[in-house]
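Beneath this line is the structure, given in structure tokens, with notes to follow.
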Amino acid sequence: MEAAGVERALSWRQRRPAPPRPRPSRRPRGGGGGGGGGRTGAAAAMGTVPQRLQRFLDRPGPLGDLLGRLEARTGVRRLYLATGSAAFLGLYLVFGYGASLLCNLIGFAYPAYVSIKAIESSSKEDDTTWLTYWVVYGIFSVAEFFSDIFLYWFPFYYAGKFLFLLWCMAPVPWNGSQVLYQNVIRPWFLRHHRTVDSVLGNLSTKALDAASSVTREASGAALTLAREAEKRQ
């Protein structure tokens, strides 16, 4: 009986179908899936940079009008004109003479021009934009006054300063003036403006008191001199 049972169990195992084997997964052609997608995304992003620059240069304005006239006269695309001028300017800021004056003119002349246009316009949005720029520019100028003696010796200092000022005045969502004002200057101002106001109020009160005392002493001295002059006569 036991032998017959063992034989039936062995025959049942032999008749049971074997489980299917797992198939090996096929790897996508052209390397790994993540690496290929990353390279494609990077290539697409790099491909849009010249297009964005071209759209920016095609915008109406002082820069776009100037490049348009140069493009019409020379026959060279404004994209090439802008990149060539930027490369020449960068090399001059590194190796040229008078780089400090040129960098200051770039950071002052164009913003002053568009600030006057903003004052004369009816919109208040551009006023806020350029007021923010001048606040950042003033703080940067004060900081540069104390650090210029050390940073002057770096060969790429004025090129870096030019890029910083260009970032602060660029008409882009990540404008440097807005970034620095919203993340650094405004939080500090909101924390300390009451203390600064009280200090300025005390200084103005002391200045007025000193001016009034000087005026009283000067008027008293003038009256004394006048009386002495009358007595001598």
Side-chain angles (χ1 to χ4, degrees), residues 41-71 74 76-118 125-189:
M46 291 299 294
T48 58
V49 171
Q51 297 176 1
R52 292 179 181 178
L53 182 59
Q54 185 68 44
R55 287 195 298 268
F56 171 72
L57 297 176
D58 290 337
R59 291 180 182 176
L63 180 60
D65 297 341
L66 177 61
L67 290 174
R69 290 194 294 268
L70 292 175
E71 184 179 13
T74 60
V76 182
R77 291 179 56 186
R78 64 181 63 191
L79 178 63
Y80 300 148
L81 291 172
T83 52
S85 301
F88 173 78
L89 184 60
L91 291 174
Y92 185 84
L93 289 173
V94 175
F95 303 105
Y97 177 77
S100 176
L101 177 60
L102 179 61
C103 195
N104 290 330
L105 287 176
I106 293 170
F108 179 81
Y110 176 74
Y113 172 74
V114 292
S115 296
I116 295 173
K117 291 185 64 177
E125 184 177 357
D126 50 359
D127 298 353
T128 305
T129 299
W130 290 107
L131 278 174
T132 306
Y133 171 81
W134 288 117
V135 168
V136 175
Y137 183 82
I139 295 175
F140 173 75
S141 299
V142 173
E144 186 187 27
F145 176 79
F146 295 100
S147 61
D148 185 59
I149 189 173
F150 303 105
L151 299 177
Y152 172 78
W153 300 101
F154 287 90
F156 299 101
Y157 170 64
Y158 290 112
K161 179 181 176 180
F162 165 73
L163 293 176
F164 172 77
L165 294 176
L166 191 65
W167 175 50
C168 288
M169 69 178 76
V172 292
W174 36 273
N175 176 272
S177 300
Q178 298 294 331
V179 171
L180 293 175
Y181 180 79
Q182 295 294 335
N183 296 296
V184 179
I185 300 174
R186 187 173 183 270
W188 185 91
F189 173 78

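Please read all numbers here as calculations on a predicted model, not as lab measurements.
Between Y133 and Y137, the ring planes are parallel. Angles under 30° get that label, and only those over 60° would be called perpendicular. Taking the six-membered ring for Trp and thresholds of 30 and 60 degrees, Y110 and W130 have ring planes more than 60 degrees apart, a perpendicular arrangement.
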Problem - Steps toward side-chain contact (heavy atoms from CB on, under 4.5 Å) verdict (V179, W167) - result: CA-CA 10 Å; V179 171; W167 175 50; 4.3 Å; yes

Exercise for the section: Check the pair F108, L165 against side-chain contact (heavy atoms from CB on, under 4.5 Å), reporting the backbone distance first and the verdict last. Expected result: CA-CA 9 Å; F108 179 81; L165 294 176; over 6 Å; no

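The CG atom of N183 sits 10.5 Å away from atom CD of Q178, with the distance rounded to the nearest 0.5 Å. Note that NZ of K161 is 4.0 Å distant from CG of N104, once rounded to the nearest 0.5 Å. For the atom pair SG of C103 and OH of Y157, the computed distance is 8.0 Å after rounding to the nearest 0.5 Å. Rounding to the nearest 0.5 Å places OH of Y158 at 11.0 Å from CG of L102.
When the side chain to side chain donor-acceptor pair (under 3.5 Å) test is applied to D127, no partner is found at least two apart in sequence or on another chain. For the side-chain contact (heavy atoms from CB on, under 4.5 Å) test, residues two or more places apart in sequence or in another chain that qualify with I185 are V135, V136, I139, Y181.
In plain terms, the two heavy atoms of S177 and C168 that are nearest each other are OG-O, 2.7 Å. Scanning both residues, P111 and M169, for their nearest heavy atoms gives CG-CE, 3.8 Å. Residues S115 and W134 come closest through the heavy atom pair OG-NE1, 2.8 Å.
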